[in-house]
Protein chains: 2
Amino acid sequence: MLQSHQYLRQFSIKPSVQRSAVMNFLMKNRIHPTIDEIYMALVPTMPTLSKTTVYNTLDLFVEKGAVQALVIDGRNARYDVNISAHGHFMCKSCGKIHDVFDLDASMFKLPETTDFKIDSVDVSYFGVCKSCQGN
Amino acid sequence: MLQSHQYLRQFSIKPSVQRSAVMNFLMKNRIHPTIDEIYMALVPTMPTLSKTTVYNTLDLFVEKGAVQALVIDGRNARYDVNISAHGHFMCKSCGKIHDVFDLDASMFKLPETTDFKIDSVDVSYFGVCKSCQGN
DNA sequence: TTATTTATTGTTATGATTACAAAGATATAG
DNA sequence: CTATATCTTTGTAATCATAACAATAAATAA
């Protein structure tokens with residue numbers, strides 16, 4: 001399996017201890033975490049970690065194209081290390097985000113238009129997930 | 001042309017002065033405004049208007065299905081009175097949101113899945129608009 | 001009219017994000 | 001190796017959107 005620091009180098013990101021830790025967390029926890037979730041997960045084993053560093057790190061990752069920032073959750077930014085074309089589902093009840101892979105490739109085709117220079121698409125679904133449907 | 005208070009009644013919303021003013025603004029200004037933009041536009045002619053009322057009003061409109069809340073802008077909620085299936089484009093430079101109508105209807109088909117009960121889709125494009133491409 | 005519900009308002013609290021400056025770590029030139 | 005410059009991390013403070021809440025005002029029903 002690809003190591004986080006190798007993955008970072010592919011995107012010309014110098015792998016510091018903090019950056020590798022954040023990337024490693026993203027690669028092993030495909031839960032589209034928020035900044036706070038990342039920080040909370042790492043700070044027990046990295047007590048000097050600053051939340052500002054997590055913000056800076058994710059901004060850098062997005063800028064270099066190593067991760068995707070999701071806007072599906074109006075409240076917090078969320079991050080996805082899977083940069084391939086896929087959609088997302090957000091449960092309105094529990095707030096969890098899930099990947100939606102079984103979509104036609106045409107969904108991610110950028111429309112031809114002279115009005116804008118389009119360079120990415122987000123396909124976001126909303127509803128209620130299975131485990132919340134009991135309520 | 002349909003009046004705002006008639007439109008509101010179609011969604012079982014009692015048309016108070018404030019609600020009609022907000023809906024009227026949305027119908028005449030198809031710019032996907034933020035709460036603050038709506039408030040700033042109306043307060044000169046409605047000096048007692050409260051921003052809390054604008055929040056309450058839009059929450060009610062969304063709940064009743066009279067307007068669509070967009071999550072395309074990570075910073076602020078934006079509102080669209082056009083509830084038909086269409087996509088949105090956000091310019092990363094100026095932040096303005098534009099409608100994208102020339103999309104295939106299949107884009108808005110909800111995928112068949114047993115994992116989630118999906119009830120809506122958002123198709124969001126990102127890039128740079130024509131007037132920002134000079135920079 | 002009086003009671004009850006609904007809508008609006010203003011204030012305050014919360015929580016995510018950004019700005020900024022200082023400290024620390026790393027790389028580079030001499 | 002040492003000095004200097006650059007990059008990275010840290011912590012604090014500021015900003016800004018949104019939510020919570022209680023009080024007033026307006027509308028509706030009895």
On a heavy-atom basis, the closest approach of Gln6(B) and Leu2(B) is OE1-CD1, 3.4 Å
Here the distance between atom P of dT8(D) and atom CG of Leu8(A), to the nearest Å, is 12 Å
Residue pair Arg78(B)/Lys14(A) against DNA chain D: nearer the 5' end by closest nucleotide is Lys14(A)
Would you please indicate yes or no on a ring centroid separation below 6.0 angstrom for Phe116(B) and His98(A)?
-> yes
Checklist entry - Any luck finding a side-chain donor-acceptor pair between Asp73(B) and His32(B) under 3.5 Å? => result no
Numerically ordered, the residues 48-75 of chain A set in heavy-atom contact under 4.0 Å with DNA chain C is Thr52(A), Tyr55(A), Arg75(A)
Would you say Pro33(B) and Phe25(B) make side-chain contact, with heavy atoms under 4.5 Å?
yes
Here the residues of residues 19-39 of chain B within 4.0 Å heavy-atom distance, strictly under, of DNA chain C are Arg19(B)
Determine, using the 4.5 Å side-chain heavy-atom cutoff (strictly less than), whether Leu8(B) and Ile38(B) are members of one ILVMFWY cluster.
-> yes
Applied to residues 63-72 of chain B, the side-chain hydrogen bond (donor to acceptor under 3.5 Å, both in side chains) test, sequence neighbours excluded, yields none
- Message: Please check: side-chain N/O of Tyr7(B) versus main-chain N/O of Asn24(B), any donor-acceptor pairing under 3.5 Å?
- Response: no
Check: Are OP1 or OP2 of dA25(C) and a side-chain N or O of Gln18(A) less than 4.0 angstrom apart?
Finding: no
Rounded to whole Å, CG of Asn76(B) lies from C1' of dA17(D) at a distance of 7 Å
On a heavy-atom basis, the closest approach of Asp115(A) and Thr113(A) is N-OG1, 2.9 Å
